[in-house]
Amino acid sequence: MKNNEKGSYRENWRGRLGFILASAGFAIGLGNIWRFPYVAGNNGGGAFLLIYVLIVLLIGIPLFYAEAGLGRKVQTSAVMGFRKLTKKGSPWVLIAWLGLVASGLIMSYYIMIMGWIFFYIVQVASGAFKDATTEQVVATFDHLVTNPTQVFGYSLIPVIIIGFVVAKGVRNGIERFSRFFMPVLFLLLVVLAIYSLSLPGALEGVVWYLKPDFSVITPSTFLEALGQAFFSVGIGFAAAFTYGSYLKPKTSNLVSDGAWVVILDTLIAFIAGLVIFPALFAFNIAPNSGTGLLFVTIPNMIDLLPGGIFIGLLFFFLFTIAALTTGVGLVETIVANLADLTGLKRTTSVMLTLSIMVLFSIPSILSQGPWSHIQMFGMDIFGIIDYISGNILLTIGGLMLSLYIVFVWKFENYRKDLNIGAVGLKVSATLKPVINVLIPVSIMIILLSMIL
C-alpha cells in the first residue's frame, strides 16, 4: 500500500466487505431513498420500476464492472487513469471529466438535501411532529426550503462530517464509516416497510407501485429510468473507478463483489418504495409530490409508531448516514483526482473541494426560496442541475464508457481483466452481444428519443 501524504497515494480496502459496503453505501444513499421514490412517483410507479430494474440488470451491472475494473487495473484516479490507458490528448479522457463535473454538480445540491435532513433530526427530536396533521407536516417542509439562511446553516453540519471522514482516508475513514452504519440502515428500512404495509389503505399504494401502467410511458420515462439507474448504481460519476482503484489488482473478486453492490443498491431502492408509496396512499398524499416526498411521508408515519419520536429520530439519523456515504463517495472522487493531478495533500484537497462545493450549493438553496422565480424549461435551478447531472451528463458518460469498451478495451480484454481474481461468478462470453450492441445502442436510442 502506498500511502504518502502528498501526491498520488493508493490505499487498499481491508477486505471484500469494505469494498462492498463502501460502494453500496455510495450507491444506496440519497439516490435510492430520496431520489428513486420521487422519480418513480413522477413516472407512473410500476411501469417505471420495471424499466428501471431491466436497465440495472442489462446496462447497470456491466458498466459498473467496467468502471470499477478500469480503476482496479490502473490503480489511480479516473483522469490520470484514462490518460494512462489511452494516448495523450485522447477524447476518452472526457469520460473521467464528465464524471467529475457530474459529481460536483450533484454534490452541490446534495449539501442542500443533507441540510434538510439535519433540520428534520432536530424537529423529530423536539417532538415537532407529535399530533401534527398532514397539512402541518407539508407546511413545515415548505417553510424550511424557502428559508435559505436556515438551510445553509444546517447544511454546514454534513459538510464538516464528510470532510472529517474523507480526510481520515480509505480504511480509517470511508471503510470504517460504511461497515458500521449500512447494515443498520438496511434493517431499519425493512422494519419501516413492514409497518408501512400494515397501514389502512396501504394496499392501494402497493398496487400502484408494482402494477405496470404502460399508458404513462413516454420517451422521457426511459431517460429518467436510465439516469436513475446510473445515479443509483453509481455509473458515470468516476466514483466506481475511484473505489475500484483501491482494490488489490490481482486478488480481489470484482465480479462477485460488484454484483453484490448492485443487488444491495437495487434492493434498497425497492424497499424504499415499499416504505414510501403505501404510506402515501394511507395518508392521501399524491405519489408525484416531487422532491419533498420523503420529508412529508416519514413524519406522518412516525407519529403513529409506538415510541415514534425515537424511531423517527433513528430513521432520519440513519438516512443521514446513507446520505453521508454518498457524499463521501462524491467528495472522495474529486479529492482523489485533485490530489493525483496537482500533488496537493489529502487534507488540502478535502478543504478546497468542500469549500467550492459549499459555494456551488448556494444557487440550489436559493432556488427553493428567493430565486424560485428563475425557471428554465419549467424547472428551477435545483431541478435543472439535477436533470443535467443525473440524466444528461451521466448518460453521455455511460455511452462514452460503453463505446470505450467496444472500440478500445475490446470485449475479450474486458472479460479477461474482470475475471482476474474471480471465483465462482465470472463474466461469460455470452455477455458479448450485450456489451457490444445492446448497451451502446440502447443508450443512444434513449438519448436520441429526447432530442428528436
Side-chain angles (χ1 to χ4, degrees), residues 10 19 23 54-100 102 226 229-230 233-259 261-262 337 393-448:
R10 196 57 37 186
F19 169 72
S23 299
L54 288 174
I55 288 176
V56 166
L57 292 175
L58 295 175
I59 299 177
I61 291 178
L63 290 186
F64 179 84
Y65 281 159
E67 269 204 60
L70 288 172
R72 184 180 70 164
K73 181 183 177 73
V74 296
Q75 293 287 289
T76 188
S77 58
V79 174
M80 293 290 288
F82 273 104
R83 287 178 179 177
K84 288 174 65 175
L85 290 165
T86 58
K87 296 179 180 179
K88 186 177 180 179
S90 169
W92 298 112
V93 180
L94 184 60
I95 297 172
W97 286 112
L98 283 172
L100 290 181
L226 184 67
F230 284 7
V233 175
I235 296 165
F237 293 91
F241 195 111
T242 302
Y243 278 13
S245 73
Y246 301 135
L247 288 167
K248 294 178 181 178
K250 301 297 183 183
T251 58
S252 57
N253 189 350
L254 177 57
V255 179
S256 293
D257 295 352
V261 170
V262 177
N337 279 274
L393 294 182
L394 295 185
T395 304
I396 293 174
L399 175 60
M400 290 190 66
L401 179 62
S402 70
L403 294 176
Y404 174 84
I405 300 170
V406 174
F407 295 111
V408 181
W409 199 358
K410 308 293 187 182
F411 176 77
E412 289 73 19
N413 293 323
Y414 166 91
R415 182 187 176 206
K416 178 183 176 181
D417 288 341
L418 290 177
N419 283 336
I420 293 175
V423 178
L425 183 65
K426 294 185 178 182
V427 175
S428 168
T430 58
L431 196 62
K432 186 172 183 178
V434 174
I435 295 292
N436 286 352
V437 180
L438 178 64
I439 292 177
V441 170
S442 298
I443 298 175
M444 282 190 283
I445 290 174
I446 291 171
L447 275 174
L448 287 173

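Throughout, residue positions are numbered sequentially from 1 according to the sequence presented.
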For this session: Please check if the side chain of Gln75 supplies one atom and the backbone of Gly81 the other of a donor-acceptor pair under 3.5 Å.
Result: no
Exercise. Got a donor-acceptor contact below 3.5 angstrom from the Tyr65 side chain to the Val255 backbone?
Worked result: yes
For this session: Could I get the full list of side-chain contact (heavy atoms from CB on, under 4.5 Å) partners for Val434, not counting sequence neighbours?
Result: Leu431, Leu438, Ile439
Exercise. For Ala102, which residues count as a side-chain contact (heavy atoms from CB on, under 4.5 Å) partner, sequence neighbours excluded?
Worked result: Leu393, Leu394
For this session: Please round to the nearest 0.5 Å and tell me the distance separating atom CE of Met400 and atom CG of Leu94.
Result: 4.5 Å
Exercise. Can you tell me how far the CG atom of Leu247 sits from the CD1 atom of Ile420, to the nearest 0.5 Å?
Worked result: 12.0 Å
Looking at [X] and [Y], what are the two nearest heavy atoms and their distance?
X      : Y      : result
Ile405 : Ala66  : CD1-CB, 3.5 Å
Pro440 : Ile435 : CD-O, 3.3 Å
Ala238 : Ala78  : CB-CB, 3.7 Å
Ile235 : Gly60  : CD1-O, 3.2 Å
Leu418 : Gly69  : CD2-CA, 3.8 Å

Exercise. Is any side-chain heavy atom of Leu63 less than 4.5 Å from a side-chain heavy atom of Ser402?
Worked result: yes
Problem set entry | Residues in side chain to side chain donor-acceptor pair (under 3.5 Å) contact with Ser252, at least two apart in sequence or another chain | Arg72
Exercise. Any chance CH2 of Trp92 has more than 12 other-residue heavy atoms, nucleotides or ligands included, within less than 6.0 Å?
Worked result: yes
Problem set entry | Pairwise salt bridge (Lys or Arg N to Asp or Glu O under 4.0 Å) hits with a residue in residues 394-418, at least two apart | Lys73-Asp417, Glu412-Lys432
Problem set entry | salt bridge (Lys or Arg N to Asp or Glu O under 4.0 Å) partners of residues 57-71, not counting sequence neighbours, each pair once | none
Exercise. Can you list every ring pair (Phe, Tyr, Trp, His ring centres under 6.0 Å) pair that touches residues 70-90, not counting sequence neighbours?
Worked result: Phe82-Phe241, Phe82-Tyr404
Which side-chain N or O atoms in residues 422-429 pair as donor and acceptor under 3.5 Å with protein atoms at least two apart or in another chain?
{"unit_1": "Ser428", "atom_1": "OG", "unit_2": "Thr430", "atom_2": "N", "d": "3.1"}
{"unit_1": "Ser428", "atom_1": "OG", "unit_2": "Thr430", "atom_2": "OG1", "d": "2.9"}

